[in-house]
Amino acid sequence: MTSSTVTSSQSPQPPRPNLAFRRLRGQRSPGEFAAAVRRAAREIGERVSCDARYVGRVEAGEIRCPNYAYERVFLHMFPGRTLTDLGFSPRSSVRGRGARPTDEAPPPPTTSLPYAPDETAGAHEPYDTTQDPHFPYEQNDQNHEESDVQRRAFMTGGTVTMAAASLGPFGVTFGSAATAADRRGHRVGASEAGALEEAVRKIRLLDDRHGADGLYRRAAAPLRTAYELLDAGTTRQTTTDRLYAGAGELAISVGWLAHDSGRYDDARSHYAEALATARMSGDPGLEAHAFCNTAFLARDAGRPREAVRAAQAAQRAARPLGSPRLLSLLALREAGGWAGLADRPGCEQALARAQTLFERGPSENDPEWMTFYGEAELEGLEAQCWSTLGDWPRAARHARRAAHLQDPHFTRNIALYTAELADDLARGGRPDEAALAGMRVLDLLGEVQSSRIQTMLAGTARVLLPHRRASGVSTFLERHASLPRTA
């Protein structure tokens with residue numbers, strides 16, 4: 001019998017970083033490059049679920065040869081280049097994989113998808129963390145062409161260079177970062193970490209007041225800078241920890257800006273980037289936050305089962321943190337998923353748990369990013385659950401309460417809760433009250449730029465069209481119709 005023992009000479013070599021691919025990414029963050037890959041895929045009729053984690057694995061050398069779908073996309077993005085030019089190994093050399101002749105074209109794109117049109121691949125069980133603690137997404141058969149290497153967490157690769165960048169779009173700079181960029185081996189200090197943390201705070205404040213649409217593009221440069229800082233390295237572990245936490249929180253904030261402005265693919269990539277950062281640095285608070293936003297995105301994108309699983313994963317990460325308010329918010333994220341699945345008992349149980357945890361009050365362990373979560377947000381999220389379940393009167397009661405309780409400084413949330421109220425009233429057969437609420441939202445749109453709110457208001461207008469003769473409805477419809485249309 002032939003022995004199956006592998007000798008030391010046969011042992012697989014550690015993966016070599018794909019520097020050619022890293023150079024092609026240039027100054028873009030992994031999340032931005034992943035978004036470019038997805039756009040290129042759409043141009044040629046392909047469908048790939050590229051995110052920052054996938055880009056990191058390619059650059060780390062873990063993916064020695066992409067599957068055929070990614071091959072077509074990459075060759076479309078970089079015409080005139082071969083896979084070898086992109087830093088990949090020839091398909092015939094990848095151990096244990098079949099290969100087609102080198103002169104054969106890639107097979108045509110498949111038109112049938114192995115998953116429902118409203119869910120991404122792996123959406124049924126995407127957050128089972130029991131198999132591999134480093135990666136949250138289960139392996140998918142679409143990636144069967146990838147090399148057999150052990151999966152591991154990876155942060156942005158390439159040479160360790162400090163870019164002459166700043167957080168200028170939000171009025172925050174890195175001080176001497178520009179001059180330090182020219183010094184080889186520059187180490188990042190506490191001042192840069194502080195600037196990064198301040199940028200996150202400013203983005204959140206601007207979003208609360210004005211909405212996401214005008215902020216998303218401006219946030220890309222600070223995010224690139226954050227990951228360049230991680231590449232540069234630090235002299236103190238405490239500074240490293242702050243940088244990882246700051247970069248992850250910034251990725252979540254930028255992801256939320258994409259999410260709230262309707263760019264769901266970009267948001268998913270940014271959230272995955274934050275989750276990879278959390279796993280890399282062993283930060284359960286950041287992990288809980290990334291899963292929390294992933295659950296919210298999955299609900300909005302029509303993947304309720306994924307929303308439930310992501311919320312449950314967030315709760316597992318958050319339990320040791322000692323924050324009842326955080327667990328309350330995560331229970332609401334789970335409730336939103338159950339509502340999307342039309343599981344009323346599951347939704348009610350999660351809502352009751354959220355209320356019980358909220359009533360325990362604030363704690364010194366509550367994360368800084370949770371400042372938005374008060375009684376108004378609790379009421380607003382519960383309203384969304386009842387609306388999803390079709391209980392319009394109950395949804396309207398909670399939405400009205402949310403708008404009444406919201407701090408007047410947070411104009412965006414007042415507009416959001418009032419838009420929810422208008423929609424619930426319209427669908428509940430109270431068109432005159434819905435029109436009044438809709439008018440209040442229109443009054444706020446001069447201060448707020450949010451595609452989410454505008455989309456909700458457009459839906460309300462469609463529901464009210466058959467009631468245009470009701471008191472106040474025609475005035476609302478005419479004023480809504482006169483709004484400038486966003487691209």
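In this chain, numbering begins with 1 at the start of the sequence shown. Bear in mind that the values here come from a model prediction, so they are computed numbers and not experimental data.
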Report, one line per pair, each donor and acceptor closer than 3.5 Å where one atom sits in a side chain of residues 395-402; sequence neighbours left out.
residue : atom : partner : partner atom : Å
His398  : ND1  : Glu379  : OE1          : 2.6
His398  : NE2  : Glu382  : OE2          : 3.3
Arg401  : NH1  : Glu379  : OE2          : 3.4

Side-chain donor/acceptor of Arg299 to backbone N/O of Pro304, under 3.5 Å: no

Check: Cys50 main-chain N/O paired with Arg38 side-chain donor or acceptor under 3.5 Å: yes

Short side-chain to backbone donor-acceptor contact, Thr277 and Glu273, under 3.5 Å: yes

With Glu377 via side-chain hydrogen bond (donor to acceptor under 3.5 Å, both in side chains) - residues at least two apart: Tyr417

Minimum heavy-atom distance Pro367-Leu326, with the two atoms named: CG-CD2, 4.1 Å

Shortest non-hydrogen separation from Trp338 to Ala350 and the atoms involved: CD1-CB, 4.3 Å

All side-chain hydrogen bond (donor to acceptor under 3.5 Å, both in side chains) counterparts of Arg333, not counting sequence neighbours: none

Residues which pass salt bridge (Lys or Arg N to Asp or Glu O under 4.0 Å) with Asp443, listed by chain and number, not counting sequence neighbours: Arg479

Over-ring placement of Arg452 relative to Phe296, 6.0 Å and 45° cut-offs: yes

Residue list, side-chain hydrogen bond (donor to acceptor under 3.5 Å, both in side chains) with Arg360, at least two apart or on another chain: none

Residues Glu375, Phe358; criterion side chain to side chain contact (heavy atoms under 4.5 Å, CB included); working and verdict: CA-CA 8 Å; Glu375 192 174 358; Phe358 185 86; 4.3 Å; yes

Check: Asp300/His259 side-chain N/O donor and acceptor closer than 3.5 Å: yes

Distance (rounded to the nearest 0.5 Å) between Leu351 CG and Leu381 CG: 9.5 Å

Under the salt bridge (Lys or Arg N to Asp or Glu O under 4.0 Å) test, residues paired with Glu334 that sit two or more places apart: Arg353

Which atom pairs, one a donor and one an acceptor, fall under 3.5 Å between side chains of residues 459-474 and the rest of the protein, sequence neighbours left out?
residue : atom : partner : partner atom : Å
Thr460  : OG1  : Asp423  : OD1          : 2.9
Thr460  : OG1  : Met456  : O            : 3.1

Evaluation steps, side chain to side chain contact (heavy atoms under 4.5 Å, CB included), between Arg25 and Val58: CA-CA 11 Å; Arg25 175 160 68 84; Val58 170; over 6 Å; no

Check against side chain to side chain contact (heavy atoms under 4.5 Å, CB included), Leu329 and Arg325: CA-CA 6 Å; Leu329 175 61; Arg325 285 282 169 96; over 6 Å; no

With Asp283 via salt bridge (Lys or Arg N to Asp or Glu O under 4.0 Å) - residues at least two apart: none

Full working for side chain to side chain contact (heavy atoms under 4.5 Å, CB included) between Ile453 and Leu445: CA-CA 9 Å; Ile453 294 171; Leu445 287 185; 4.2 Å; yes

For Asp407 against Ile414, the heavy-atom pair lying closest together: O-CD1, 3.8 Å

ring-ring contact (aromatic ring centres under 6.0 Å, His included) contacts in which one or both residues fall within residues 32-52, not counting sequence neighbours: Phe21-Phe33

Donor-acceptor under 3.5 Å (Asn365 side chain, Gly322 main chain): yes

Over 12 non-hydrogen atoms of neighbours within 6.0 angstrom of NE2 in His76: yes

For residues 429-442, which side-chain N or O atoms pair as donor and acceptor with protein atoms under 3.5 Å away, sequence neighbours left out?
residue : atom : partner : partner atom : Å
Arg430  : NE   : Glu433  : OE2          : 3.0
Arg430  : NH2  : Glu433  : OE1          : 3.0
Arg430  : NH2  : Glu433  : OE2          : 3.2

Set of side-chain hydrogen bond (donor to acceptor under 3.5 Å, both in side chains) partners for Ser387, sequence neighbours left out: Asp424

Spacing of Leu389 atom CG and Cys347 atom SG [to the nearest 0.5 Å]: 5.0 Å

Results of salt bridge (Lys or Arg N to Asp or Glu O under 4.0 Å) for Glu348 - residues two or more places apart only: Arg344

Exercise: identify the closest heavy-atom pair between Ala295 and Ala311: CB-N, 3.7 Å

From CE (Met280) to CD (Glu287), nearest 0.5 Å: 14.5 Å

